[in-house]
Q: 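Would you mind keeping the following structure in view while I ask a few things?
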Amino acid sequence: MGSLIQYSKFVFIIIFIFVLIILLYTRVRSSGEVVDPISVHSDLTTSQHNLYFSTYLDEIKNTRLMCGELCDTTRKGTPGKFFDKITAIINCEALFKNKYVDSSHGLVHAPRKIPSILLNDYTMNGKMKVHTAYFNQQYLGSTARTPIWTKSLLNEYVALAKEGKLFGTYGIPETNALRDGLQHAPGVKGGRVLVIGSEKPWVEACLIEIGAKSIVTLEYGKIKSEHEQITTMVPSEYRRQFLDNKLGLFDAVVSFSSIEHSGLGRYGDALNPWGDLIVVARAWCVTKTNGSLVLGVLYDINNDYITFNAHRCYGRKRYPYLTTNWNQHYLGKGHQRVHVFTK
Ligand SMILES: *[C@@H]1O[C@H](CO)[C@@H](O)[C@H](O)[C@H]1NC(C)=O
């Protein structure tokens with residue numbers, strides 16, 4: 001009798017331990033699936049990470065508030081030449097005052113997944129599909145990949161562009177698609193042009209070739225330009241100069257394969273679901289009336305998606321919000337289909 005009680009006690013303890021292990025295992029599994037806040041970044045302790053996460057959630061909340069209509073991607077547009085046209089009241093002062101837009105995520109590794117709490121903001125409430133491809137390239141706050149732009153490098157690029165043989169960053173057909181777009185962009189010839197995002201000066205070379213008078217390049221990493229027509233700045237300088245009324249207006253803005261990365265953390269920038277919309281809206285703020293925007297981004301009219309943290313691809317769902325208030329002017333060529341807009 002005694003040994004039977006001993007035996008059933010033993011079985012009970014075994015079952016108890018087994019159930020405990022199963023319970024613990026499923027707890028760990030499910031908390032692993034919830035991306036934020038802990039598993040986004042494993043090099044910080046949990047409390048450091050929670051602190052970081054709660055501060056940037058506040059920043060994101062503030063960013064949404066100051067952004068107003070611009071960041072409300074549920075607003076309806078009107079039919080346009082290429083896709084719907086969205087108009088919004090844009091508070092330029094507030095957009096430039098917001099430091100978070102230009103800040104770095106400050107982590108050793110960029111976040112690997114979209115924090116679940118931001119998923120609806122990133123995907124326009126599920127309208128954009130999400131894929132995965134991970135990069136960790138800390139450009140913000142460091143130097144660019146080609147940090148010195150010599151005159152001879154520029155002259156060489158300009159000569160190649162003239163012959164239609166400049167490889168640039170994305171290959172000869174893409175360079176020529178940009179050159180074609182620039183031909184259709186009011187303000188470029190003889191104008192003062194802002195370039196957003198440029199690892200090496202191929203866009204600048206195309207602008208010099210076509211006759212732009214002066215060029216200001218905005219890039220995450222520091223660049224030293226030795227060419228007299230080109231000056232460069234980093235986001236904090238862009239911000240400061242606008243707020244101090246020293247930036248002036250541009251006749252045109254050009255950006256190729258840059259804006260689709262804004263706010264994804266890939267280049268060291270802080271997570272921002274509307275980072276792309278804000279960059280283009282700021283460009284709108286600093287462009288003269290009748291000036292233009294020449295934009296090359298990943299494009300598929302029928303398929304808007306985010307490949308986190310690599311890039312976004314724009315179609316009829318997000319492109320209208322990306323180009324809020326811009327007039328649709330010319331549909332060009334290229335894999336990263338060049339679009340020209342006017343103000
Ligand atoms: C913009 O272009 C229109 C049409 O060509 C012209 O009537 C208008 O004066 C221009 N505005 C400015 C500020 O240049």
Side-chain angles (χ1 to χ4, degrees), residues 137 139 143-235 237-238 247-261 267 279-280 283 286-288 291-299 329-330 332-341:
Q137 300 161 290
Y139 286 1
T143 51
R145 215 185 281 175
T146 305
I148 298 177
W149 292 358
T150 62
K151 242 183 121 140
S152 64
L153 179 70
L154 259 305
N155 290 342
E156 184 195 320
Y157 279 11
V158 173
L160 283 168
K162 264 194 190 118
E163 293 174 42
K165 289 179 184 165
L166 178 62
F167 187 87
T169 303
Y170 304 95
I172 291 168
E174 294 294 278
T175 302
N176 290 338
L178 178 69
R179 291 172 65 234
D180 170 66
L182 295 178
Q183 294 284 354
H184 293 86
V188 167
K189 277 174 207 161
R192 178 176 186 245
V193 183
L194 175 68
V195 176
I196 300 178
S198 194
E199 290 177 23
K200 58 183 186 180
W202 70 279
V203 172
E204 290 78 359
C206 294
L207 284 166
I208 290 171
E209 185 222 341
I210 210 170
K213 191 167 154 224
S214 66
I215 299 159
V216 177
T217 292
L218 173 65
E219 173 57 50
Y220 284 147
K222 270 204 186 305
I223 294 165
K224 185 174 183 293
S225 166
E226 294 173 356
H227 193 284
E228 68 280 0
Q229 282 166 276
I230 306 171
T231 54
T232 64
M233 56 173 119
V234 294
E237 294 169 316
Y238 180 53
L247 187 63
L249 293 173
F250 294 91
D251 298 289
V253 179
V254 183
S255 186
F256 196 96
S257 190
S258 166
I259 282 157
E260 64 261 51
H261 307 296
Y267 293 105
V279 171
V280 178
V286 300
T287 302
K288 288 179 192 167
S292 63
L293 168 69
V294 181
L295 199 54
V297 290
L298 282 177
Y299 166 82
H329 182 67
Y330 172 74
K333 303 163 185 166
H335 177 60
Q336 306 215 22
R337 197 75 180 262
V338 173
H339 286 66
V340 179
F341 303 85

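Please read these numbers as outputs of a predicted model, since none were measured by experiment. Each residue takes its place number in the sequence, starting with 1.
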Q: Taking atom types as modelled, find out whether Thr232 and Glu219 have a side-chain donor-acceptor pair closer than 3.5 angstrom.
A: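 No, because no side-chain N or O of Thr232 sits under 3.5 Å from a partner of the opposite role on Glu219.
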
Q: Using side-chain heavy atoms (C-beta onward) and a distance below 4.5 Å, is Glu204 in contact with Tyr157?
A: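 Heavy-atom side-chain distance check fails, nothing below 4.5 Å.
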
Q: Could you tell me which non-hydrogen atom of Thr175 sits nearest to which non-hydrogen atom of Phe167, and how far apart they are?
A: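 Distance-wise, the nearest heavy atoms are OG1-O, 3.4 Å.
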
Q: Where is the tightest heavy-atom contact between Leu166 and Ala205, given as atom of each residue plus distance?
A: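 Reported closest heavy-atom pair: CD2-CB, 4.3 Å.
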
Q: Among side-chain atoms of Ser257 and Gln336, is any donor-acceptor pair under 3.5 angstrom?
A: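 A pair is found: one side chain offers a donor N or O, the other an acceptor, under 3.5 Å apart.
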
Q: Can you check side-chain contact (heavy atoms from CB on, under 4.5 Å) on His329 and His339, steps first, answer last?
A: CA-CA 8 Å; His329 182 67; His339 286 66; over 6 Å; no

Q: For the side chain of Arg192 and the backbone of Lys213, is there at least one donor-acceptor N/O pair under 3.5 Å apart?
A: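 No: the side chain of Arg192 does not pair with the backbone of Lys213.
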
Q: Would you call the rings of His261 and Tyr267 parallel, tilted or perpendicular, where under 30° means parallel and over 60° means perpendicular?
A: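 Rings of His261 and Tyr267: perpendicular, as their planes differ by over 60°.
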
Q: Apply the side-chain contact (heavy atoms from CB on, under 4.5 Å) test between Val193 and each candidate in Ile208, Ile210, Leu207, Val294; give the one that qualifies.
A: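 Testing each of Ile208, Ile210, Leu207, Val294 against Val193, the sole residue satisfying side-chain contact (heavy atoms from CB on, under 4.5 Å) is Leu207.
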
Q: Classify the side-chain pair Thr169/Glu199 by whether it contains a donor and acceptor separated by less than 3.5 Å.
A: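 Thr169 vs Glu199: no donor-acceptor pair found between side chains.
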
Q: Do Ser225 and Trp149 pair up side chain to side chain, a donor and an acceptor below 3.5 Å, judged on atom types alone?
A: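 No donor-acceptor contact under 3.5 Å links the two side chains.
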
Q: If the condition is side-chain hydrogen bond (donor to acceptor under 3.5 Å, both in side chains), which residues does Thr231 pass it with, not counting sequence neighbours?
A: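 For Thr231, no residue satisfies side-chain hydrogen bond (donor to acceptor under 3.5 Å, both in side chains) once neighbours in sequence are set aside.
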
Q: Strictly under 6.0 Å, is that where the ring centroids of Tyr330 and Phe341 end up?
A: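 Centroid distance Tyr330-Phe341: not below 6.0 Å, so no.
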
